Asker: 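Below is one structure. I have some questions about it.
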Amino acid sequence: RIVYLNGAFLPFEEARVPIMDRGFLFADGIYEVSAIIDGKLVDNAAHLARLDRSLGEIGIRNPHDAAGWEKLQTELVARNGVREGLVYMQVTRGVAERDFAFPKAGTEPTVMMFTQAKTVLANPLAETGARVITVEDLRWKRRDIKSVALLAQVLAKQQAAEAGVAEAWMVEDGAVTEGSSSTAFIVSRERVLVTRPLSTALLPGITRASVLKLAGEADLKVEERLFSVAEAYEAQEAFYTSASAFVMPVVEIDGRSIGEGRPGPLTRRLRELYVEAACQG
Ligand code: PMP
């Protein structure tokens, strides 16, 4: 397995980062994940644009332009022979003596990438549908930044794992913000697709944006607004989206069946449309 670290393609075992890396000490860094289908990157331009924005928001210089990133990603995917899976990218503020404030100008960011071969399209969970639980959203106030500081999401996902379900939907002031690693959607009984509007309270999901564009083709109206846990329980359908899950049907929330308790037809249609678009891209 070959990974990328600071300008070099290296065997996984040889890629080492110093203990003073600010990613390790402070979670002072940004990450991105793009899916790979048929050896090609899905929605990658949007992922790279979000990476650039996240880095800008915390004052880390983006070490590459989009073309530079894509060249490195493509080479890494090819070197690992990955046909289907994920490419993970991470940039931290670099290595410096431990001090909360930024290190001196000229400190080079640490840049790392790895691939994971995994089934994205024929995911069995997409056939059965996922169960989710709701948990309190314990995160900070800049969730629009794709920071590697993921402790609240780690704890949320662990609660889900202990409950034997696939995902945790995080809740603030009674409304669902998003999943621990996904965007949350419901379809109301009036055939309206509902998802929370973008703000600093959630990550601007790239898959979310693509799915909203496809909603018209599934004959769905869209409402970007807050929705409560109670409203989710009563939804006709529910699903979540992410680069790795694509469009994942939700069949149960907190032990309550959603709709018919099976992946709903509109969710299935959106998944099909998204897969079609992804495979063309
Ligand atoms: N929200 C959170 C908190 C996430 O971690 C993710 C996945 N990284 C998403 C939403 C989905 O974003 P995307 O569709 O860009 O993968």
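Counting convention: from 1, in listed order, for ligands and their atoms alike. Starting from 1, each residue takes its place in the sequence as its number. Just so we're clear, the structure is a prediction, and the values are computed from it rather than from any experiment.
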Asker: In terms of residue, atom name and distance, what is the protein heavy atom nearest to atom 12 (O) of ligand 1?
Answerer: Gly205 CA, 3.6 Å
Asker: Using a strict cut-off of 4.0 Å, indicate which atoms of ligand 1 neighbour a heavy atom of Thr241.
Answerer: 11 (C)
Asker: Please list, in number order, the atoms of ligand 1 under 4.0 Å from a heavy atom of His47.
Answerer: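 In order of numbering, the contacting atoms are 15 (O).
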Asker: Using atom types as modelled and distance alone, determine if a side-chain donor or acceptor of Thr177 lies under 3.5 Å from a backbone N or O of Met170.
Answerer: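 Judged by distance alone, yes, a pair lies under 3.5 Å.
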Asker: Judged by modelled atom types alone, do Gln73 and Asn44 share a side-chain donor-acceptor pair under 3.5 Å?
Answerer: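 Asn44 and Gln73 do have a side-chain donor-acceptor pair below 3.5 Å.
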Asker: Please find the pair of heavy atoms, one from Pro249 and one from Ala126, that lie closest to each other, and give the distance.
Answerer: CG-O, 3.6 Å
Asker: Parallel, tilted or perpendicular: which describes the rings of Tyr88 and Phe114, with under 30° parallel and over 60° perpendicular?
Answerer: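 Plane angle under 30°, so parallel.
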Asker: What do you reckon, does Lys146 have a nitrogen or oxygen under 3.5 Å from a nitrogen or oxygen of ligand 1?
Answerer: yes
Asker: Within ligand 1, which atoms have a heavy atom of Ala243 less than 4.0 Å away?
Answerer: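 So the atoms of ligand 1 that pass are 13 (P), 14 (O), 16 (O).
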Asker: Which residue from Ser181, Ala35, Ala156, Ser244 reaches closest to atom 6 (C) of ligand 1 through any of its heavy atoms?
Answerer: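 The option holding the nearest heavy atom is Ser181.
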Asker: Show the atoms of ligand 1 that are less than 4.0 angstrom away from any heavy atom in Ser180.
Answerer: 3 (C), 5 (O)
Asker: Is any side-chain heavy atom of Val251 closer than 4.5 Å to one of Pro263?
Answerer: yes
Asker: Between Arg50 and ligand 1, does any nitrogen or oxygen pair lie at a separation below 3.5 Å?
Answerer: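 Looking only at distances, the answer is yes, because the N/O contact criterion of under 3.5 Å is met.
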Asker: Could you check Asp137 against Arg139 for salt bridge (Lys or Arg N to Asp or Glu O under 4.0 Å), going step by step and ending with a plain yes or no?
Answerer: CA-CA 6 Å; Asp137 196 332; Arg139 294 175 301 163; 2.9 Å; yes
Asker: Where is the nearest protein heavy atom to atom 14 (O) of ligand 1: which residue, which atom, and how far?
Answerer: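 I find the closest protein heavy atom is Thr207 OG1, 2.6 Å.
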Asker: Below 4.0 angstrom from a heavy atom of Gly179, which ligand 1 atoms are there? Numbered from 1 as shown, please.
Answerer: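 Taking each heavy atom of Gly179 in turn, ligand 1 has 3 (C) under 4.0 Å.
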Asker: Based purely on interatomic distance, does Arg208 place a nitrogen or oxygen under 3.5 Å from a nitrogen or oxygen of ligand 1?
Answerer: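 No, there is no polar N/O contact under 3.5 Å.
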Asker: Between Leu55 and Pro63, what is the shortest heavy-atom contact and its length?
Answerer: CD1-CD, 4.5 Å
Asker: Looking only at protein heavy atoms, which one is nearest to atom 1 (N) of ligand 1, and what is the separation?
Answerer: Glu178 OE1, 2.5 Å
Asker: Pick out which of Leu125, Ile253, Val165 makes a side-chain contact (heavy atoms from CB on, under 4.5 Å) with Arg131.
Answerer: Val165
Asker: Kindly confirm or rule out an N or O of Leu203 lying under 3.5 angstrom from an N or O of ligand 1.
Answerer: no
Asker: Taking side chain as C-beta onward, heavy atoms only, is Phe239 less than 4.5 Å from Val187?
Answerer: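 Heavy-atom side-chain distance check passes, below 4.5 Å.
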Asker: Distance alone, cut at 3.5 Å: any donor-acceptor contact between the side chains of Glu167 and Ser180?
Answerer: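 Note: Glu167 and Ser180 side chains meet the donor-acceptor criterion.
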Asker: Please state which protein non-hydrogen atom is closest to atom 13 (P) of ligand 1 and give its distance, to 0.1 Å?
Answerer: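 So the nearest neighbour among protein heavy atoms is Ile206 N, 3.6 Å.
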Asker: What are the atoms of ligand 1, with element, lying closer than 4.0 Å to any heavy atom of Thr183?
Answerer: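 Counting atoms of ligand 1 from 1, those under 4.0 Å from Thr183 are 10 (C), 11 (C).
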